[in-house]
Amino acid sequence: MGTVPLRADEPPIATSGLNALTEVEFSQLSQRDPNPLGEKALAIHPEQWKHGETEHFVYHFAHSYVATPVSVEAEFHYRVVTKELERERVTETIDTKSHIYIFERPEEWQQFQVFGKLEPWSGGIHSAGSLFIQRNPAYKFSNNLLGHEIVHLVLHRLYSDAIPCWLDEGFAQYASKAAHASYERARRYIAKPHSDAIAEQDFIPLTALVTMTHPPSDRVETFYDESERLVRFLASTDKPSFLALLDALARHQPFETVLPRIYTARFASVLALEEKFREYASKDFGTSLQQMND
Ligand SMILES: [Zn+2]
(Lines give C-alpha, C1' and ligand atoms only; values in the text may rest on other atoms or scores of the structure.)
Protein backbone atom coordinates (compact mmCIF):
# COMPACT_ATOMS: atom_id res chain seq x y z
CA MET A 1 0.00 0.00 0.00
CA GLY A 2 2.99 2.32 -0.30
CA THR A 3 4.14 4.74 2.31
CA VAL A 4 1.66 5.91 4.85
CA PRO A 5 2.21 9.49 5.92
CA LEU A 6 2.67 10.08 9.61
CA ARG A 7 -0.23 11.49 11.46
CA ALA A 8 0.12 13.44 14.65
CA ASP A 9 -2.48 11.28 16.37
CA GLU A 10 -0.65 8.09 15.53
CA PRO A 11 0.59 6.15 18.57
CA PRO A 12 4.19 5.13 19.51
CA ILE A 13 6.28 4.68 16.37
CA ALA A 14 5.73 8.11 14.93
CA THR A 15 6.77 9.95 18.05
CA SER A 16 10.01 8.53 19.31
CA GLY A 17 12.16 10.89 17.25
CA LEU A 18 13.50 14.37 17.75
CA ASN A 19 10.13 15.94 18.43
CA ALA A 20 9.14 13.77 21.38
CA LEU A 21 7.86 15.83 24.27
CA THR A 22 10.59 16.22 26.88
CA GLU A 23 9.69 15.14 30.37
CA VAL A 24 10.13 17.78 33.04
CA GLU A 25 9.98 17.41 36.84
CA PHE A 26 6.81 18.93 38.26
CA SER A 27 8.90 21.35 40.33
CA GLN A 28 10.66 22.50 37.17
CA LEU A 29 7.51 23.40 35.20
CA SER A 30 7.47 27.08 34.28
CA GLN A 31 3.88 27.51 35.48
CA ARG A 32 1.36 26.02 37.90
CA ASP A 33 -2.32 25.42 37.25
CA PRO A 34 -4.49 27.37 39.70
CA ASN A 35 -7.47 25.21 38.72
CA PRO A 36 -8.57 22.97 41.64
CA LEU A 37 -9.60 20.28 39.15
CA GLY A 38 -5.96 19.98 38.16
CA GLU A 39 -5.06 19.12 41.72
CA LYS A 40 -7.82 16.51 41.77
CA ALA A 41 -6.56 14.95 38.57
CA LEU A 42 -2.97 14.69 39.82
CA ALA A 43 -4.22 13.09 43.05
CA ILE A 44 -5.48 10.06 41.12
CA HIS A 45 -2.54 7.64 41.21
CA PRO A 46 -0.11 10.51 41.80
CA GLU A 47 2.91 8.32 41.05
CA GLN A 48 1.93 7.89 37.41
CA TRP A 49 1.96 11.54 36.32
CA LYS A 50 4.73 12.93 34.21
CA HIS A 51 4.92 16.48 32.94
CA GLY A 52 6.11 18.45 29.98
CA GLU A 53 5.53 21.74 28.22
CA THR A 54 5.63 23.45 24.87
CA GLU A 55 5.44 27.15 24.00
CA HIS A 56 1.75 27.60 24.89
CA PHE A 57 0.72 24.51 26.87
CA VAL A 58 1.69 22.41 29.89
CA TYR A 59 0.93 18.67 29.73
CA HIS A 60 0.34 16.11 32.46
CA PHE A 61 0.45 12.54 31.25
CA ALA A 62 1.46 8.95 31.92
CA HIS A 63 3.34 8.18 28.70
CA SER A 64 5.17 10.62 26.50
CA TYR A 65 4.21 8.72 23.34
CA VAL A 66 0.60 9.56 24.16
CA ALA A 67 1.36 13.17 25.09
CA THR A 68 3.63 13.96 22.15
CA PRO A 69 0.96 13.83 19.41
CA VAL A 70 -1.36 15.82 21.69
CA SER A 71 1.32 18.50 22.03
CA VAL A 72 1.82 18.65 18.27
CA GLU A 73 -1.89 19.04 17.68
CA ALA A 74 -2.23 21.60 20.48
CA GLU A 75 0.42 23.93 19.08
CA PHE A 76 -0.94 23.44 15.57
CA HIS A 77 -4.44 24.52 16.60
CA TYR A 78 -3.02 27.38 18.60
CA ARG A 79 -1.48 28.80 15.44
CA VAL A 80 -4.61 28.22 13.37
CA VAL A 81 -6.92 29.92 15.86
CA THR A 82 -4.76 32.94 16.64
CA LYS A 83 -4.29 33.46 12.91
CA GLU A 84 -7.98 33.09 12.16
CA LEU A 85 -8.85 35.57 14.91
CA GLU A 86 -6.01 37.88 13.89
CA ARG A 87 -4.61 37.69 17.39
CA GLU A 88 -1.05 36.61 16.72
CA ARG A 89 0.30 39.95 17.95
CA VAL A 90 -1.96 40.11 20.98
CA THR A 91 -1.08 36.62 22.13
CA GLU A 92 2.61 37.49 22.25
CA THR A 93 1.77 39.48 25.35
CA ILE A 94 -0.12 36.65 27.04
CA ASP A 95 2.38 34.27 28.53
CA THR A 96 0.17 32.05 30.64
CA LYS A 97 0.01 28.48 29.40
CA SER A 98 -3.07 26.26 29.32
CA HIS A 99 -2.82 22.92 31.13
CA ILE A 100 -3.84 19.67 29.47
CA TYR A 101 -4.32 16.51 31.54
CA ILE A 102 -4.26 13.25 29.61
CA PHE A 103 -5.82 10.19 31.22
CA GLU A 104 -5.22 6.80 29.66
CA ARG A 105 -7.00 4.21 31.78
CA PRO A 106 -10.80 4.24 31.52
CA GLU A 107 -11.28 3.46 35.22
CA GLU A 108 -9.22 6.50 36.26
CA TRP A 109 -11.02 8.68 33.75
CA GLN A 110 -14.34 7.53 35.21
CA GLN A 111 -13.06 8.26 38.69
CA PHE A 112 -12.17 11.78 37.60
CA GLN A 113 -15.41 12.49 35.74
CA VAL A 114 -17.36 13.00 38.96
CA PHE A 115 -15.43 16.26 39.43
CA GLY A 116 -16.28 17.90 36.14
CA LYS A 117 -18.93 18.21 33.48
CA LEU A 118 -18.32 16.19 30.33
CA GLU A 119 -18.81 18.02 27.12
CA PRO A 120 -21.59 16.02 25.41
CA TRP A 121 -20.06 16.29 21.97
CA SER A 122 -16.43 15.43 22.60
CA GLY A 123 -16.38 13.70 25.97
CA GLY A 124 -13.62 16.00 27.22
CA ILE A 125 -13.87 18.26 30.23
CA HIS A 126 -12.78 21.84 30.02
CA SER A 127 -12.86 23.98 33.07
CA ALA A 128 -11.55 27.48 33.67
CA GLY A 129 -8.97 27.24 30.91
CA SER A 130 -7.71 23.72 31.62
CA LEU A 131 -8.50 20.62 29.60
CA PHE A 132 -8.98 17.05 30.82
CA ILE A 133 -9.17 14.28 28.26
CA GLN A 134 -8.87 10.58 27.90
CA ARG A 135 -6.63 9.17 25.20
CA ASN A 136 -6.47 5.47 24.73
CA PRO A 137 -3.04 4.73 23.22
CA ALA A 138 -4.48 1.79 21.32
CA TYR A 139 -7.15 3.85 19.66
CA LYS A 140 -6.52 6.07 16.67
CA PHE A 141 -8.21 9.42 16.54
CA SER A 142 -8.93 10.67 13.10
CA ASN A 143 -11.53 13.31 13.79
CA ASN A 144 -11.49 16.78 15.28
CA LEU A 145 -12.40 15.90 18.90
CA LEU A 146 -9.07 16.93 20.36
CA GLY A 147 -8.82 19.97 18.10
CA HIS A 148 -12.28 21.09 19.19
CA GLU A 149 -11.22 21.07 22.84
CA ILE A 150 -7.96 22.85 22.11
CA VAL A 151 -9.81 25.62 20.30
CA HIS A 152 -11.80 26.14 23.53
CA LEU A 153 -8.53 26.53 25.45
CA VAL A 154 -7.24 29.14 23.03
CA LEU A 155 -10.56 31.02 23.05
CA HIS A 156 -10.48 31.03 26.82
CA ARG A 157 -7.05 32.62 26.81
CA LEU A 158 -8.13 35.30 24.38
CA TYR A 159 -11.53 35.95 25.95
CA SER A 160 -11.14 34.93 29.56
CA ASP A 161 -14.42 36.53 30.56
CA ALA A 162 -16.29 33.85 28.63
CA ILE A 163 -18.15 34.09 25.35
CA PRO A 164 -21.69 32.81 24.70
CA CYS A 165 -22.09 29.04 24.42
CA TRP A 166 -23.17 28.99 20.73
CA LEU A 167 -20.13 31.06 19.79
CA ASP A 168 -17.72 29.02 21.88
CA GLU A 169 -19.01 25.69 20.54
CA GLY A 170 -19.67 26.96 17.04
CA PHE A 171 -16.22 28.42 16.67
CA ALA A 172 -14.60 25.32 18.20
CA GLN A 173 -16.31 23.20 15.54
CA TYR A 174 -15.67 25.65 12.72
CA ALA A 175 -11.95 26.09 13.44
CA SER A 176 -11.16 22.50 14.38
CA LYS A 177 -12.85 21.02 11.32
CA ALA A 178 -10.96 23.33 8.99
CA ALA A 179 -7.72 22.81 10.90
CA HIS A 180 -8.16 19.08 10.88
CA ALA A 181 -8.65 19.09 7.13
CA SER A 182 -5.58 21.21 6.48
CA TYR A 183 -3.65 19.06 8.93
CA GLU A 184 -4.51 15.98 6.93
CA ARG A 185 -3.73 17.80 3.69
CA ALA A 186 -0.32 18.71 5.08
CA ARG A 187 0.23 14.99 5.43
CA ARG A 188 -1.07 14.38 1.93
CA TYR A 189 -4.41 12.98 2.88
CA ILE A 190 -7.23 14.16 0.69
CA ALA A 191 -9.40 15.89 3.20
CA LYS A 192 -12.22 18.33 2.88
CA PRO A 193 -13.80 19.83 5.94
CA HIS A 194 -17.31 18.66 6.42
CA SER A 195 -20.12 20.75 7.80
CA ASP A 196 -23.45 19.19 8.64
CA ALA A 197 -26.65 20.69 7.29
CA ILE A 198 -29.58 21.33 9.60
CA ALA A 199 -32.91 19.77 8.73
CA GLU A 200 -35.60 22.44 8.43
CA GLN A 201 -37.74 20.91 11.21
CA ASP A 202 -34.76 20.75 13.65
CA PHE A 203 -33.76 24.39 13.26
CA ILE A 204 -33.41 26.16 16.62
CA PRO A 205 -34.68 29.77 16.35
CA LEU A 206 -31.76 32.18 16.69
CA THR A 207 -33.29 34.11 19.57
CA ALA A 208 -33.21 30.83 21.53
CA LEU A 209 -29.84 29.61 20.23
CA VAL A 210 -27.91 32.73 21.17
CA THR A 211 -29.12 32.76 24.77
CA MET A 212 -28.56 29.08 25.61
CA THR A 213 -25.93 28.61 28.30
CA HIS A 214 -25.32 24.94 27.47
CA PRO A 215 -26.28 22.56 24.67
CA PRO A 216 -29.89 21.42 25.19
CA SER A 217 -29.78 17.73 26.12
CA ASP A 218 -32.45 16.70 23.62
CA ARG A 219 -30.84 18.55 20.70
CA VAL A 220 -27.14 18.33 21.30
CA GLU A 221 -26.18 17.52 17.74
CA THR A 222 -28.34 20.22 16.18
CA PHE A 223 -26.97 22.73 18.65
CA TYR A 224 -23.36 22.03 17.62
CA ASP A 225 -24.11 21.90 13.90
CA GLU A 226 -26.26 24.99 13.85
CA SER A 227 -23.80 26.97 16.01
CA GLU A 228 -21.00 26.02 13.66
CA ARG A 229 -22.98 27.10 10.63
CA LEU A 230 -23.90 30.38 12.26
CA VAL A 231 -20.25 31.13 12.98
CA ARG A 232 -19.36 30.17 9.42
CA PHE A 233 -22.14 32.32 8.00
CA LEU A 234 -21.24 35.39 10.05
CA ALA A 235 -17.51 35.00 9.40
CA SER A 236 -17.90 34.48 5.67
CA THR A 237 -20.39 37.35 5.33
CA ASP A 238 -17.86 39.80 6.71
CA LYS A 239 -14.75 38.82 8.61
CA PRO A 240 -13.96 42.18 10.29
CA SER A 241 -17.57 42.40 11.49
CA PHE A 242 -17.37 38.87 12.84
CA LEU A 243 -14.25 39.73 14.84
CA ALA A 244 -15.93 42.89 16.17
CA LEU A 245 -19.01 40.85 17.11
CA LEU A 246 -16.83 38.34 18.97
CA ASP A 247 -15.20 41.15 20.94
CA ALA A 248 -18.55 42.71 21.86
CA LEU A 249 -20.10 39.40 22.89
CA ALA A 250 -17.01 38.63 24.97
CA ARG A 251 -17.79 41.84 26.82
CA HIS A 252 -21.27 40.42 27.49
CA GLN A 253 -23.21 42.80 25.27
CA PRO A 254 -26.55 41.39 24.08
CA PHE A 255 -26.57 39.76 20.65
CA GLU A 256 -29.72 41.59 19.52
CA THR A 257 -28.16 44.99 20.27
CA VAL A 258 -24.72 44.26 18.91
CA LEU A 259 -25.68 42.50 15.69
CA PRO A 260 -27.46 45.39 13.90
CA ARG A 261 -24.84 47.83 15.14
CA ILE A 262 -21.94 45.82 13.72
CA TYR A 263 -23.52 44.27 10.64
CA THR A 264 -25.32 47.53 9.90
CA ALA A 265 -25.95 47.21 6.21
CA ARG A 266 -26.58 43.47 6.27
CA PHE A 267 -28.78 42.48 9.16
CA ALA A 268 -31.12 45.04 10.66
CA SER A 269 -32.28 42.59 13.33
CA VAL A 270 -31.91 39.02 14.58
CA LEU A 271 -35.01 38.12 12.57
CA ALA A 272 -33.50 39.51 9.39
CA LEU A 273 -30.39 37.44 10.03
CA GLU A 274 -32.49 34.37 10.72
CA GLU A 275 -34.30 34.71 7.43
CA LYS A 276 -31.05 34.54 5.49
CA PHE A 277 -29.38 32.07 7.80
CA ARG A 278 -32.17 29.47 7.66
CA GLU A 279 -31.48 28.84 4.03
CA TYR A 280 -27.73 28.69 4.55
CA ALA A 281 -28.09 26.31 7.51
CA SER A 282 -30.03 23.75 5.53
CA LYS A 283 -27.78 23.75 2.47
CA ASP A 284 -25.41 20.88 2.00
CA PHE A 285 -22.10 22.54 2.27
CA GLY A 286 -19.70 19.60 2.46
CA THR A 287 -17.03 21.10 0.24
CA SER A 288 -17.37 24.84 0.40
CA LEU A 289 -15.49 25.65 3.57
CA GLN A 290 -12.89 28.26 3.00
CA GLN A 291 -9.39 27.22 3.85
CA MET A 292 -8.12 29.08 6.81
CA ASN A 293 -4.61 27.92 6.82
CA ASP A 294 -3.10 28.56 3.42
ZN1 LIG B 1 -17.02 22.20 22.91
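Owing to the predicted nature of the structure, the values given are computational and were not obtained by experimental measurement. Order of listing sets the numbers, starting from 1, for every ligand and every atom in it.
- The set of protein atoms (N, O or S) found at less than 2.8 Å from the Zn ion (ligand 1) reads Glu119 OE1, Glu119 OE2, His148 NE2, His152 NE2, Glu169 OE1, by chain and number.
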Donor-acceptor contacts under 3.5 Å from residues 201-211 side chains, at least two apart:
from: Thr211; atom 1: OG1; to: Thr207; atom 2: O; distance (Å): 3.2
from: Thr211; atom 1: OG1; to: Ala208; atom 2: O; distance (Å): 3.1

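- Minimum heavy-atom separation, Glu108 to His45: OE2-CD2, 3.3 Å.
- In this pair, Trp49 and Tyr101 present their aromatic rings perpendicular. The plane angle is above 60°, beyond the 30 to 60° band.
- There is no path of hydrophobic side-chain contacts, each under 4.5 Å, that joins Ile44 to Ile100.
- For NZ of Lys50, the number of neighbouring non-hydrogen atoms (other residues, nucleotides, ligands) closer than 6.0 Å is greater than 12.
- By the neighbour-count criterion of 12 heavy atoms within 6.0 Å, atom CD of Glu25 is sparsely surrounded, having that number or fewer from other residues, nucleotides or ligands.
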